[in-house]
Every structure is written in structure tokens, then in C-alpha cells.
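These notes are about the structure you will find just below.
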Amino acid sequence: MTNVILVGVELPRVNDFAESMVELEGLAEAAGLTVGHVLTQKRERVHAGTYIGKGKLAELEGYLAAAQSETLVFNDELTPSQIKNLEAALEVEIIDRTMLILAIFADRAQTREAKLQVEVARLQYLMPRLAGMGISMSRQGGGSSGLANRGAGETKLELDRRTISDKINQYQRELKIVANERDNQRRSRQKKGLRVAALVGYTNAGKSSILNTLVSAYHPQTDEKHVLEKDMLFATLETSVRRIHPKYHQPFLLTDTVGFVDKLPTQLVKAFRSTLEEVIQADVLIHVIDAASPDADKRQRVTEETLKAIGVEDKPMIHVWNKADLVPEVSQIMPPNHVWVSTRTGLGLPALMAAIEAELFADEEEHSWLIPYDRGDVVAQMNEEARIIKLEYVEDGTQITAITPQHFIRTHGEFITE
Ligand SMILES: Nc1nc2c(ncn2[C@@H]2O[C@H](COP(=O)(O)OP(=O)(O)OP(=O)(O)O)[C@@H](O)[C@H]2O)c(=O)[nH]1
Ligand SMILES: [Mg+2]
């Protein structure tokens, strides 16, 4: 385990500084580092050259020696020149918040796509910083963690700008192919009229747990697999889609995806865009909030800002206040589309389903249909996509009373009798 020192600058008018340092510690631990000391400084703005001021820099040297540490972790993304100056002044490994998050993502990535996305983000981050990162890029650098190289194919990359940009291009081409496949899958689902609800929210809020709970409750007799849920930052990096069968409506799809965090590196947001396309295209978003977290409000804001950054605005949203079992008292009166849930006790799950169904199927209508016998395809489609209330075989065809979505009425409305 690498012993590290955390460094943060508290700016004026930032009232969640303490929480962000706690979160940084959590991130460091998630990356397999142990925190030996935390050093903070109040400043009007961060020092352009070295992030912290000269006096603090000298102080840091003392702490480095005392904690026998050779790695510093900074609470913000550093500029290329800050990294360079800090390395030159202190001769230790310099890690910033972005690099830390990138390393955790690299550790967690399972699929080829996730690995490529993380690697693209990492290379884009490194490109302008290469020159300054002597110690931080090598594993030999006197006990440094080699964190900047996590997930990279080769451990000691002789990277120069040319090879980096070649690699980025190559990986992006490969990612494009995967993205196209996903596009096709999505289009075929849309053609079938399947609606999509997407889980979004801060990391560790309980998105995957909600997906699993709903799958068990509403799709119990199939082999729909559970996804990984774990008390761990960024347990989920790859998108999973599961089918949910509500009692009174046709099936819909529920999507689980990567969680967000404060100051999520822009490189990562960009690299994960195609994965997040599922969120962009969803019919409704289920915003999961860890109600037991003292930072719930801020995390909610961060999620909404990240959604905006990927171009998601004005989409219907259901707010899920999860982990209600950990909250001493839950308020009875909630605004519309806000529900208390606990995946532990099952509290609120029917209310959540009702809210999802209300959003997804608001445009459905009940009609009577007479479908001629040579149009078995329409009946089959109805079985898939509609909620059939009555079905009778009469002389001219199949007579059906059903609640169907609008797109079904648009394509087959000729068979409606009333
Ligand atoms: N007490 C309690 N814990 C919960 C509840 N729901 C989820 N958890 C726990 O919260 C932790 C995170 O749950 P996940 O479902 O993995 O969270 P996530 O939002 O998918 O997290 P990422 O994939 O990392 O973004 C796990 O340890 C869950 O067991 C709940 O209702 N109550
Ligand atoms: Mg998850």
C-alpha cells in the first residue's frame, strides 16, 4: 500500500470543502492508497504555479518525511505546469483528483469497451502533461504508486505525443464500432416500442441495487441476471439493460450505468458518452439519491450538472430517496415524482413502479380492435406491447379490447373499431 498525503485548497464561498476532502480520502482508498496525512490551506485562489503557497510547500516537505510518503494527492485537477513545478520542487509522485478517478475507473473496467473508454480519457489527460510527469509516470520513481499507468497495456510506456494521439485515434475507431452496434440494438428496441427508464445518480447511491430489486420483483421467473451491487465507489462502469414486466403494462427496459462524482473528469464524461447514450435516449430518468448521506443535496446537484454536460435536460425525472432504512424519520408528504425507497426493506418499491409506469405509459389509450385472421402479426405484436383486457375469436377476425401505446395506434389504427 502506498502511503500518501492529501492536499486541498479551501477557496472562499465553497461551503462543502470538508466533505470534498473526506470524499478525496474515500477515492484514495478506493484506488488502494492509504492516507498518512491531510494538509489543507485557505486561499483566495489556488497558486497558479504550485497549487499551494510557498510556505505550505515547505511544510509539506516535513510531512512527507514524517509520513515516509513519496506520493501527494491533490483535491483538484492540476495544470501541466503545476505538476511539473511540484515534481521539480518536491521530487515526489504527484497525483491529482482526475488521475485518481481515472485510476479507479481503470481498476474497475471489465469489458473491452469500458477499458478503451478509460484509456482514451487517460491518454487525453496525459497528453499535455507528459513533459512534467517524470516521477509520476514511472514505477521506479522511488516507491511511487505508478498510479498514472493503471490500466495501461504496457506498464512503462515510452509515450510521446505522436504515439499518444495515434493510440487515441485507434481506440476511438474501435469504440465507434461498439457504439454503432449499440445504436442498432437501441433502434431495434425502439421499433418494438419498448420504452426505457434509466437509473442515474451519484456513485454508491444504490442504482444497481434498485435494478436488482425491480428485476426480482417484476421479472422473477426468468433468468435475467443480477448486476453487481457493492459498497464501493464506481462499482458499475458498464451499462446493463434489463427487462421489467409490470403487472398492467407491457414490458419496459431498465438501464443501469456508471455513477457520477464531484469534479468527474471531463475527459471521462466525454469518453463515456456513448455508454451514457442510453441515458440520453431514455424516456424517463430515475435519479437515485442516497438519502442517508449528509451530502445528499450537493450530490443531487452534481448529478444534475453532469447530466446537463452530456446534453440531458428537460427529461421527465423521478427522484428516488434511497436507503430510507438509514434515515431516522421519513417525511410523509413528498412532491410529485419524489419517492422514498429502501432496497433493504422493500419500502416504496410499488410507489416507484407506479411512478415509472405513470411516466412511461401516460400516452396509452384503450380501444376495441378487430384484427382480420390474415394479420396474425398484429395480434402477436399486441401480445408483446399491449395490455390485453379481452380477446374473442369472431367471424371476421380476432376481437380485442386492449390498452396500447400511441405508436401502435399510429401504425395499426385502421383496425380500431371504437
Ligand atoms: N442501508 C441500505 N443500503 C443500501 C440500500 N440500497 C443499496 N444499499 C447499499 O449501498 C451500496 C451501493 O449500492 P449499489 O447499488 O452498488 O450503488 P450504485 O449506485 O450502483 O453505485 P455505483 O455503481 O458505484 O455507481 C451497497 O453496499 C448496497 O448494499 C438501501 O436501501 N439501504
Ligand atoms: Mg452500480
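Every number for a ligand or one of its atoms is a count from 1 in the order of the listing. Below, each value reflects all heavy atoms present in this structure, side chains not excepted, and no hydrogens, waters or symmetry copies. For clarity, every value in this text was computed on a predicted model and none was experimentally measured. The chain is numbered in sequence order, starting from 1.
- Near Gly259, meaning under 4.0 Å from one of its heavy atoms, ligand 1 places the atoms 25 (O).
- In this structure, Phe408 has its ring center under 6.0 Å from that of His412.
- On a distance-only criterion, Leu233 and ligand 1 share no N/O pair closer than 3.5 Å.
- The pair Glu277-Arg182 does not meet the salt-bridge criterion, since no charged nitrogen lies less than 4.0 angstrom from a carboxylate oxygen.
- For the pair Ala205 and ligand 1, the shortest N or O to N or O distance falls below 3.5 Å.
- Closest protein heavy atom to atom 16 (O) of ligand 1: Lys230 N, 2.9 Å.
- Atom NZ of Lys270 has 12 or fewer neighbouring heavy atoms from other residues, nucleotides or ligands inside a 6.0 Å radius.
- The residues Arg195 and Asp283 are annotated as not salt-bridged, no charged nitrogen and carboxylate oxygen being separated by less than 4.0 angstrom.
- With salt bridges taken as basic N to acidic carboxylate O contacts below 4.0 Å, none links Lys207 and Asp290.
- With respect to atom 23 (O) of ligand 1, the closest heavy atom belonging to the protein is Thr236 OG1, 2.7 Å.
- Under 4.0 angstrom from ligand 1, the non-hydrogen atoms of Thr203 come from both its backbone and its side chain.
- Between Ala235 and ligand 1, a contact under 3.5 Å exists for at least one N or O pair.
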- Message: Using side chain to side chain contact (heavy atoms under 4.5 Å, CB included), reason through His37 and Leu6 one step at a time and then give a plain yes or no.
- Response: CA-CA 6 Å; His37 190 79; Leu6 306 185; over 6 Å; no
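- Close approach to Leu326 involves these atoms of ligand 1, each under 4.0 Å from a residue heavy atom: 1 (N).
- Any N or O atom pair closer than 3.5 Å counts here, and Thr257 shares no such pair with ligand 1.
- Residue contacts to the Mg ion (ligand 2): Ser209 brings no N, O or S atom closer than 2.8 Å.
- The nearest heavy-atom contact from the protein to atom 12 (C) of ligand 1 is Asn204 OD1, 3.0 Å.
- Between Lys298 and Glu23, none of the side-chain N atoms (NZ, or NE/NH1/NH2) sits under 4.0 Å from a carboxylate O, so this pair counts as no salt bridge.
- Classification of Arg122 and Glu119 as a salt-bridged pair holds, one side-chain N sitting under 4.0 Å from a carboxylate O.
- Ligand 1 places these atoms under 4.0 Å from at least one heavy atom of Ser342: 31 (O).
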- Query: For Asp96 and Tyr125, what are the C-alpha separation, side-chain angles and deciding distance, and is it a side-chain hydrogen bond (donor to acceptor under 3.5 Å, both in side chains)?
  - Reply: CA-CA 11 Å; Asp96 65 8; Tyr125 167 86; 2.7 Å; yes
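- Every atom of ligand 1 is numbered from 1 in the order shown, and the set under 4.0 Å from a heavy atom of Phe234 is 24 (O).
- A salt bridge links Glu77 with Arg129: the distance from a Lys NZ or Arg NE/NH1/NH2 to an Asp or Glu carboxylate oxygen falls below 4.0 Å.
- Every atom of ligand 1 is numbered from 1 in the order shown, and the set under 4.0 Å from a heavy atom of Glu229 is 15 (O), 16 (O).
- When Val341, Asp231, Leu347, Val327 are ranked by how near their heavy atoms come to atom 26 (C) of ligand 1, first place goes to Asp231.
- Taking a cutoff of 4.0 Å between a charged side-chain nitrogen and a carboxylate oxygen, Glu238 and Arg108 do not qualify as a salt bridge.
- The distance from the Mg ion (ligand 2) to the nearest N/O/S atom of Asn204 is not under 2.8 Å.
- The ligand atoms of ligand 1 that sit less than 4.0 angstrom from a heavy atom of Met232 are 24 (O).
- Salt bridge absent: Arg387 and Glu366 never bring a charged side-chain N and a carboxylate O closer than 4.0 Å.
- Here the heavy atom of the protein found nearest to atom 17 (O) of ligand 1 is Gly206 N, 3.1 Å.
- A salt bridge does not link Glu305 with Lys308: every distance from a Lys NZ or Arg NE/NH1/NH2 to an Asp or Glu carboxylate oxygen is 4.0 Å or more.
- Distance from atom 25 (O) of ligand 1 to its nearest protein heavy atom, with residue and atom name: Lys207 NZ, 2.9 Å.
- Residue Asp325 approaches ligand 1 through these ligand atoms, each under 4.0 Å from one of its heavy atoms: 1 (N), 2 (C), 30 (C), 31 (O), 32 (N).
- Within the 4.0 Å heavy-atom criterion, both parts of Arg344, backbone and side chain, lie near ligand 1.
- When hydrogens are left out, the protein atom nearest atom 7 (C) of ligand 1 is Ser209 OG, 3.2 Å; that is the closest non-hydrogen contact.
- Of the heavy atoms in Asn322, only side-chain atoms (C-beta onward) come closer than 4.0 Å to ligand 1.
- Shortest contact from atom 5 (C) of ligand 1 to any protein heavy atom: Thr343 OG1, 3.2 Å.
- Residue-to-ligand polar distances place Lys323 within reach of ligand 1: an N/O pair is separated by less than 3.5 Å.
- Separation of the Phe361 and His249 ring centroids falls under the 6.0 Å cut-off.
- Closest approach of Gly259 and Phe234 over heavy atoms only: O-CE2, 3.6 Å.
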